[in-house]
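All remarks here apply to the structure that follows.
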Amino acid sequence: MSKKLIDSGNNAAAMAVQLAEAEVIAAYPITPQTPLTEKLSEVIAAGKMDAEYVAVESEHSALAVCIGAASAGSRAFTATSSNGLLYMSEQLHWAAGSRLPLVMCVVNRGIGAPWSVWNDHQDAMSQRDAGWIQIFAKDHQEIVDMTLKAFRLAELVHIPVMVNYDGYYLSHTYMPFELPEAKAVQEFLPPYDYAHTLDPEKPESLNTVTLPYARLDINGVKRPGYMDIRHNLHQEMRLAMEVWEEIDADYAQRFGRGGAPILDPYCCDDADFVVVAMGSIANQFHVVVDRLREEEGLKVGVLALQIYRPFPTAKIAEALQNAKGVMVYEKGLSYGNQGALYADLKSALYPYPNRPQLHNFIVGLGGRDIPTEDLFQTLKTACLNGDRNSPEQADTPQWIGLQL
Amino acid sequence: MSTATKTNVVNLTTEEFVHPGNRACSGCGLSILYRIGLKALGRDCIFVVPPSYLTVMQGLYPIAASQMPILNGTFASTAAIATGVRAAMKRRGKQTQVVAWAGDGGTADIGIQALSGALERNEDIIYICYDNEAYMNTGVQRSGTTPQGGLTTTTPYSGKKENSKNLPAIVAAHNPAYVATCSASYPLDFHDKLIKAKGIRGLKYFHIQTPCPPGWGCDERMTIKIGKAAIDCGLFDLYEIENGKKSLSEPSKKLLNKDKMRPLQDYLKMQTRFKALSAEQTTAMQERIDTKWAAYRQDFAAQ
């Protein structure tokens, strides 16, 4: 029987990792990820989870331990936040290049300097080109479900998966969620079986220096060069989207939850204006949408982006073909340009006939409050007056809640 | 406590673990260590290797000079990757020996944090640092173990100003299960210390002085002679530390008799990398060696 609980987002993640039967866990403490790793060390020390917990001396080593363990055939997990993720950055690329099916929870937090322990998405966005699949949870139930599905996805496509959830908004708040039964999870997620594991009986040299060109091996078989290996990572990451949908369908059949693995729409069917956002803020928009529809008669919806890499280019462009205006609210930006999500969305829409008016809002950096009233007012203004802006004005990100 | 060398060229296994033909320069100290070291370690091993000359020597994809499973990893994380591999072996109930094999840059400089962490956790791995005293793979740049006065491409004209790090002493301060220093000139001493280390649980650290003819500026035929001279001059000492107790290995032990010591100058003049050393610097270096050995003679008087 599944269990219904009320607990924190970090504990929800820990319980999912426990259910996934991760065999090697290595982590370094960083706020607001710490309760997740504390919980895992607690259940392992109490004998409730059969795994190796390695208390490493840095995030760089946390992912190194996972890389070693997964290369040798163990299911491995780590978690971090903010500067910890940045310190791992080299290893992120290494894990993706090695095609290791790792899962990592990133409890999203602003990046220093100056120090901030509060939430935004700059950490995850800074690693978007590392070759990891990046998914974003909106609530505790999604943290559980996405973490379990992430292990299966990573192991099917051999690409590591980063499960993102908002620091404090999700990590430290308590919400109800359902936890699947262990046996049912075991059936959903069979043991990890890596084809190229380190094995003295079948020795292989992994991640060897690879030349710019393809080369024959000793049996005369052509083996890819570096560029071919990179091409395959890209292609297989694009294909991972379909695998993610299949996994979601299977999960829905087994556990009764799912159906929106890539885009999760709310009131989008007849919407003239669509908000696009990732993480908990997408759920915050539900009340804004309800109010705008009720009080202003505006046909507004919100489209939560559940997976950011691979970017669901065609799906999101198609989902917005009937929209007059699209408002991207995001907790990070590419300095000197625009919001990264906004720029990605704009580029996705370019080949399609309908290119709705686009607006970019930067919100909540370093934990700056995001009052629902601010979301209501900015969205209302964008819906009513958005088309009055010059192209340059329309394309310039607007910062919400600045206190300059 | 000292280890008498039991293996000799007659009883050393004829089984080879490295394919004939690899990318090492002729006279490479590392290739001697790798070939003989693998004979001691045997087949039930997994190697973890950061960027170093060993990475290149092992071959370029899809060709491999080694017959062993090897995990190439990032520069700074050798000991942590080895920790992960060991954890996976533990999960499978396998005794497979995990061997981290890195250079001096990968150990003393960029890799020291991960090594210190693994030492503190006393991970059950063998960590081998082959110390050729500079970043040889990238073209002879100064490292933390480059000796004072040594000419490198980043310490040109007058040589390195600072003293080298005493890495085995830094490692020993963590109180690991086993510390050994070795030399490429005494590969069988390395061989037998590895055999001993395989029987010890916890972290076993090897620090090996490894002459590099192109980096040190000598003929390829001089590799063994230079390594021996470093020991005979009392500059590099072969020892083991077990349970916190240090004991000198045979090649160094003879220097407890002062008359057996060769002057440092014998070692320095064999290599062009020391040509910028002044007479005063050489004298100061000789004095440091003499002071060290005076202390050794007191410490090991009972042995």
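Because the structure is predicted, anything quoted here is derived from the model rather than measured.
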Part of [X] within contact of chain A (heavy atom distance under 4.5 Å):
X       : answer
R91(B)  : side chain
R86(B)  : neither
E120(B) : neither

Between R121(B) and E57(A), is there a side-chain N and carboxylate O pair less than 4.0 Å apart?
yes
Using a 4.5 Å heavy-atom cutoff, which residues in [range] come close to chain A?
range                       : result
residues 98-117 of chain B  : Q113(B), A114(B), G117(B)
residues 68-82 of chain B   : M68(B), P69(B), I70(B), L71(B), N72(B), G73(B), T74(B), F75(B), A76(B), S77(B), A80(B), I81(B)
residues 130-140 of chain B : none

Heavy atoms from other residues, nucleotides or ligands near [atom1] of [X] exceed 12 (cutoff 6.0 Å):
X       : atom1 : value
K90(B)  : NZ    : no
H158(A) : NE2   : yes
E15(B)  : CD    : yes
D193(A) : CG    : no

Heavy-atom pairs under 4.5 Å with chain B are the metric here; pick the option from D217(A), D50(A), V56(A) that has the most.
D50(A)
Heavy-atom pair count under 4.5 Å with chain B, highest-scoring of S98(A), G73(A), A76(A), A26(A)
G73(A)
Residue [X] versus chain B: region with a heavy atom under 4.5 Å:
X       : value
S71(A)  : side chain
E204(A) : backbone
A70(A)  : neither
L63(A)  : neither

Heavy atoms, side chains only, cut-off 4.5 Å: are [X] and [Y] in contact?
X       : Y       : answer
K94(B)  : D199(A) : yes
L60(B)  : T210(A) : no
E23(A)  : R92(B)  : yes
V54(A)  : E123(B) : yes
R215(A) : I63(B)  : yes

Just give me the residue among S66(B), A88(B), A87(B) that pairs up with chain A most often, heavy atom to heavy atom, under 4.5 Å.
A88(B)
Nearest 0.5 Å, please: how far is CZ in F47(B) from OG in S205(A)?
11.5 Å
Would you please go through residues 222-237 of chain A and name the residues with a non-hydrogen atom below 4.5 Å from one of chain B, in numerical order?
R223(A), P224(A)
Write down the atom of D44(B), the atom of P200(A), and the distance for their closest heavy-atom approach.
OD1-CG, 3.5 Å
